[in-house]
Amino acid sequence: MRHFSSMLNGLASSFSIRRGKNSGNGDGREAAEAMAKDAKKNDLILRSSGFVNVDGSDNFASVFSKRGRKGVNQDCAIVWEEFGSQADMLFCGIFDGHGPWGHFVAKKVRESMPSSLLCNWQETLAQTSLDPDFDLESDKKHQRFLIWKHSYVKTCAAVDQELEQCRKIDSFYSGTTALTIVRQGDLIYVANIGDSRAVLATTSEDGNLVHVQLTVDFKPNLPQEAERIIQCKGRVFCLHDEPGVHRVWLPDEESPGLAMSRAFGDYCIKDYGLISVPEVTQRHITSSDQFVVLATDGVRNVVPCLG
């Protein structure tokens, strides 16, 4: 319990910078955004191609993105070292936009999600610490996972609502996927919305490097995804010139034809089965694990070990 208490106290101290008498979620979000600005000033945040390797840290993270043949590059990414002013934490995320405003949607979610997640995580920590029935030591790994899962689900709902209310971006027929990872000590928490993929490179017993897929590609033809969409009166089928490519369609129109079943935005079809609820998983990192790759579908379609 000692580590948990000291971590909570450190977060409370960090967040108190912007809090006044009328403390609330808005103040917590402002504090998180202030921490993001400080992190950017200290070169702890990376949003373009390059790498982050803070002195004294065991983490090394790099980002690479290149425009393809379709026109505007709608992919974007972020790495935040010492996430939330915690030396043992790292946040990474990739966002794959689609539709006419997809590149704007992806960047909007990239800017909103880390601070919102940090705020919700801090508040969930505070709430659970006050719960007399909460015992972190009984199953520390599971309790931490539940805290992160709750924080992620709450964050994604809030970010999607913010996006819908944003007048500067037309996200009715545009959206983005979001695949993010938080590393906290020897645990990683993965949250996935859409069809991007996280792959872990680990060393096998015979010394070879092997890959382990950490996420599910949320495609419309997955049984549980298709069932939800059909129950909501949406449709799932392939076009004649795209055999094998299942898409989501409105009940009475051949639109919008999304190739994923979860995304931020795309409000034209949110009532017909498309959701922005993340699948959250965790994995314990061992000495055999070497690195994790986060890749959008455009990358993994041409890299064999990611496909």
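Since we're looking at a predicted model, the values are computed, not measured. Sequence positions, counted from 1, serve as the residue numbers for this chain.
When side chains are defined from C-beta on, Y267 counts as touching S171, because their heavy atoms get closer than 4.5 Å. A 4.5 Å side-chain heavy-atom check between L250 and I269 finds at least one atom pair inside the cut-off. No side-chain heavy atom of L187 sits less than 4.5 Å from a side-chain heavy atom of F145. With contacts defined as side-chain heavy-atom distances shorter than 4.5 Å, the pair T203/L209 qualifies. For the pair E254 and W249, the minimum side-chain heavy-atom distance is below 4.5 Å. Side-chain contact between I78 and I45 is present, with at least one heavy-atom pair separated by less than 4.5 Å. Using a 4.5 Å cut-off on side-chain heavy atoms (C-beta onward), F264 and I193 make contact. The side-chain heavy atoms of R247 and E242, taken from C-beta on, include a pair separated by under 4.5 Å.
Between D75 and the options D297, T296, T176, a side chain to side chain contact (heavy atoms under 4.5 Å, CB included) holds for only T296.
Remark: the backbone N or O of S261 is paired with a side-chain donor or acceptor of R228 at under 3.5 angstrom. Without hydrogens or angle criteria, N42 side chain to D38 main chain gives a donor-acceptor distance under 3.5 Å. Remark: side-chain polar atoms of R167 are not paired, donor with acceptor, to backbone N or O of I169 under 3.5 angstrom. Remark: the backbone N or O of C76 is not paired with any side-chain donor or acceptor of S65 at under 3.5 angstrom. Side-chain atoms of S116 do not come within 3.5 Å of backbone N or O of S112 as any donor-acceptor pair. Not a single donor-acceptor pair under 3.5 Å links the side chain of R197 to the backbone N or O of A295.
A salt bridge links R29 with E33: at least one charged nitrogen is closer than 4.0 Å to a carboxylate oxygen. Note on R262 versus E225: salt bridge recorded, some NZ/NE/NH1/NH2 to OD/OE distance being below 4.0 Å.
Between Y152 and W148, the two ring planes are tilted [angle within 30° to 60°].
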Pair R47-E111, salt bridge (charged side-chain N to carboxylate O under 4.0 Å, His left out): steps then yes or no: CA-CA 10 Å; R47 292 188 176 94; E111 298 307 306; 3.1 Å; yes
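Side chains of D186 and H284: a donor on one and an acceptor on the other come within 3.5 Å.
Applying the salt bridge (Lys or Arg N to Asp or Glu O under 4.0 Å) rule to pairs touching residues 91-104 yields nothing, sequence neighbours excluded.
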